[in-house]
Undergrad: 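Have a look at this one before I ask anything.
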Amino acid sequence: MSDRYLDLVNSGLGRTLAARLGLPRPTPLRRYAVGQPVLDGPALVAGVGDAPLLAVVKPALVRAAVDVVEVGAGPGQATGRLGAVVLDASAARTVSDLEGVRAVLAPALKRLGPCGRVLLLGAAPERLGAPAQAATQRALEGIVRSVAKELRDGATANLLYGAGDGGPALASPLRFFLSARSAYVDGQALRVGPGTEEGAGHGDHPLAGKVAVVTGAARGIGAAIAEVLSRDGAEVICVDIPAAGDSLAAVANRVGGSTLQLDITATDAGELIAAHVARRHGRRLDVMVHNAGITRDKLLVNTDAERWASVLAVNLDAQLRINDVLLDATREGALADGGRVISVSSTSGIAGNRGQASYAASKAGVIGLVQALSAQVAGRGITVNAVAPGFIETEMTARMPIGTREVGRRINSLGQGGSPVDVAEAIAFLAQPDNTGVTGQVLRVCGQSLVGA
Ligand SMILES: NC(=O)c1ccc[n+]([C@@H]2O[C@H](COP(=O)([O-])OP(=O)(O)OC[C@H]3O[C@@H](n4cnc5c(N)ncnc54)[C@H](O)[C@@H]3O)[C@@H](O)[C@H]2O)c1
């Protein structure tokens, strides 16, 4: 569904009118296309104190063909537009160290180009014993969340908390958050653990040779996930209910994948998925994306047992049962070591929503699932994460009453709804083989929505 307001205020006359009337003007976001450079301009790289993560960050940026400039470098570069500001504040330990953050950001933000990126690197506060150190690191979250709300023209600000020794696991998140793949991820703090050494390079096809299953792939966000995983090189198995068979086949044809018509609430759903993987691909599964979901919205007082059960069965129980089967290492077609499990949650699962107690229960439950399961399977190098979309332009949101839809679109820092591809890009990032340090996390794709903020 098109966003007429965004189109209008970015047209010739509309732009002038919006400026005269002082109306907000959301910017069309820069989105990823194959072969596109990571950034639209150089990255200013700076640190607070001895900034230990820069030893990883700088080579990673150079490998990603990002032009790196440093504070105070060459007079020509000191005034040009920046594609990004990357600031390692992980060594900040006292409240006065935070001045170092302000001193870098204040002048640099003025130079940030449209759809630019601010990326702070910190040390996870919960790993620091001393209250002053934890307070200083937690303060970075306040800075990033505020800066994200201050930035204009589609620019975003996010924070990576290193929860390990700042090893190679940072490179994959760094690329994602700087690139256009993270267009609708704003104001977020993500933890990056030590990760493992395994993982492939990061060319245009990071998922080459991988087999992925996407549930609910017949339309909407699921179809976009299938397309993006396939674009990134994966062989995709598209799963949806038999009633959606025609559109499922159309998606599978588009992505050169296979179809599996299946109601995921079937008691043998996990077994059928594993059997399909083994039969069609003769190998194990690398990426399991639990995207299928339904809503049966009603105030809790009006919710009967049937509605309640159907939402929890599709959105939560099916995921738990399918995971149980796919994590059985002895089963043919089950998840390989080093595999990825990615669930679609929702900002409603974080904040709750009027009329959505069943849906919010299921989506909050998904968060509990990934947190517990990630710890259980860490020894096999399997990561388990969730994405929590905010307002995404799909058939689901197109059916909303116009008032609710307009509010949903605007109450975020980017002033617009996300697109299914934004959720898909976040999932593809979590699926990357060299993204070994991000696990047990919930990544919001919501343009920094005020819901659940
Ligand atoms: N659209 C949004 O703004 C938004 C926001 C937050 C979260 N989400 C979540 O994202 C996911 C995708 O949402 P969408 O907007 O694309 O929804 P959608 O309704 O357009 O698509 C969901 C797909 O899941 C399939 N499905 C439903 N029940 C199934 C079952 N039992 N077995 C197999 N397939 C089944 C449907 O047939 C459909 O193709 C859902 O989990 C949803 O809760 C969406």
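As the structure is a prediction and not an experimental result, all values here were calculated from the model. One-based numbering, in listed order, for ligands and for the atoms of each.
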Undergrad: Out of curiosity, is L262 lining ligand 1, as in a heavy atom under 4.0 Å away?
TA: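 Yes; L262 lies near enough to ligand 1 that a heavy-atom distance drops under 4.0 Å.
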Undergrad: Using a plain distance cutoff, I'd like to know if K363 has any nitrogen or oxygen under 3.5 Å from a nitrogen or oxygen of ligand 1.
TA: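 Looking only at distances, the answer is yes, because the N/O contact criterion of under 3.5 Å is met.
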Undergrad: Between R181 and Y32, is NZ or CZ placed under 6.0 angstrom from the six-membered ring centre and within 45° of the ring axis?
TA: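 So R181 does make the cation-pi contact.
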Undergrad: With a 4.0 Å cut-off on heavy atoms, does T397 reach ligand 1?
TA: yes
Undergrad: Is A217 near ligand 1, meaning one of its heavy atoms is under 4.0 Å from it?
TA: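 False for this residue.
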Undergrad: Taking heavy atoms and a distance under 4.0 Å, where does T394 meet ligand 1: side chain, backbone, both or neither?
TA: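 Looking at T394 and ligand 1, just side chain atoms fall under 4.0 Å.
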Undergrad: Any ion pair linking E126 and R191 (charged N to carboxylate O, less than 4.0 Å)?
TA: yes
Undergrad: Is a salt bridge present between D434 and R175, judged by a nitrogen-to-oxygen distance below 4.0 Å?
TA: yes
Undergrad: Considering only NZ, NE, NH1 and NH2 on the basic side and carboxylate oxygens on the acidic side, decide whether E425 and R231 come within less than 4.0 Å.
TA: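 A salt bridge links E425 with R231.
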Undergrad: Could you check V442 against N385 for side-chain contact (heavy atoms from CB on, under 4.5 Å), going step by step and ending with a plain yes or no?
TA: CA-CA 6 Å; V442 182; N385 293 288; over 6 Å; no
Undergrad: Which option out of N291, I241, I294, V239 puts a heavy atom nearest to atom 27 (C) of ligand 1?
TA: I294
Undergrad: If you measure from each heavy atom of H290 to ligand 1, is any distance below 4.0 Å?
TA: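 No; H290 lies far enough from ligand 1 that no heavy-atom distance drops under 4.0 Å.
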Undergrad: How far apart are the C-alpha atoms of Q356 and N353, what are their side-chain angles, what is the distance that settles it, and do they pass the side-chain hydrogen bond (donor to acceptor under 3.5 Å, both in side chains) test?
TA: CA-CA 5 Å; Q356 285 202 315; N353 203 7; 3.0 Å; yes
Undergrad: Which of the atoms in ligand 1, numbered in the order shown and given with their element, are less than 4.0 Å from a heavy-atom of G293?
TA: 22 (C), 24 (O), 40 (C), 41 (O)
Undergrad: Apply side-chain contact (heavy atoms from CB on, under 4.5 Å) to V192 and Q441, showing your working.
TA: CA-CA 9 Å; V192 185; Q441 305 284 304; over 6 Å; no
Undergrad: Which of the atoms of ligand 1 are close to A292, meaning less than 4.0 Å from one of its heavy atoms?
TA: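 Counting atoms of ligand 1 from 1, those under 4.0 Å from A292 are 24 (O), 26 (N), 34 (N), 35 (C), 41 (O).
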Undergrad: Using a distance threshold of 4.0 Å (strictly less than), state whether atom 17 (O) of ligand 1 has a protein heavy-atom neighbour.
TA: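 So far as the 4.0 Å threshold goes, atom 17 (O) of ligand 1 is out of reach of every protein heavy atom.
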Undergrad: Indicate the ring-plane relationship of F429 and F177, choosing parallel, tilted or perpendicular according to the 30° and 60° boundaries.
TA: perpendicular
Undergrad: Please work out, at 4.0 Å between heavy atoms, whether the side chain, the backbone, both, or neither of E395 comes within that distance of ligand 1.
TA: neither
Undergrad: For S348, is the nearest heavy atom under 4.0 Å from an atom of ligand 1?
TA: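 No.
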Undergrad: Answer with side chain, backbone, both or neither: which part of V314 has a heavy atom less than 4.0 angstrom from an atom of ligand 1?
TA: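 The side chain, only.
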Undergrad: Select the closest option to atom 32 (N) of ligand 1 among I225, I264, V214, judged by heavy-atom distance.
TA: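 Looking at heavy atoms only, the winner is I264.
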Undergrad: How does A318 reach ligand 1, by side chain, by backbone, by both or by neither, if only non-hydrogen atoms under 4.0 Å count?
TA: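 Neither part.
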Undergrad: Suppose I only count heavy atoms of G390 and a 4.0 Å limit; which atoms of ligand 1 are within that range?
TA: 3 (O), 5 (C), 6 (C)
Undergrad: Counting each atom of ligand 1 from 1 as listed, which ones have a heavy atom of V344 under 4.0 Å away?
TA: 9 (C), 10 (O), 11 (C)
Undergrad: Taking it one step at a time, do R410 and Q416 satisfy side-chain hydrogen bond (donor to acceptor under 3.5 Å, both in side chains)?
TA: CA-CA 5 Å; R410 306 298 162 214; Q416 58 195 287; over 6 Å; no
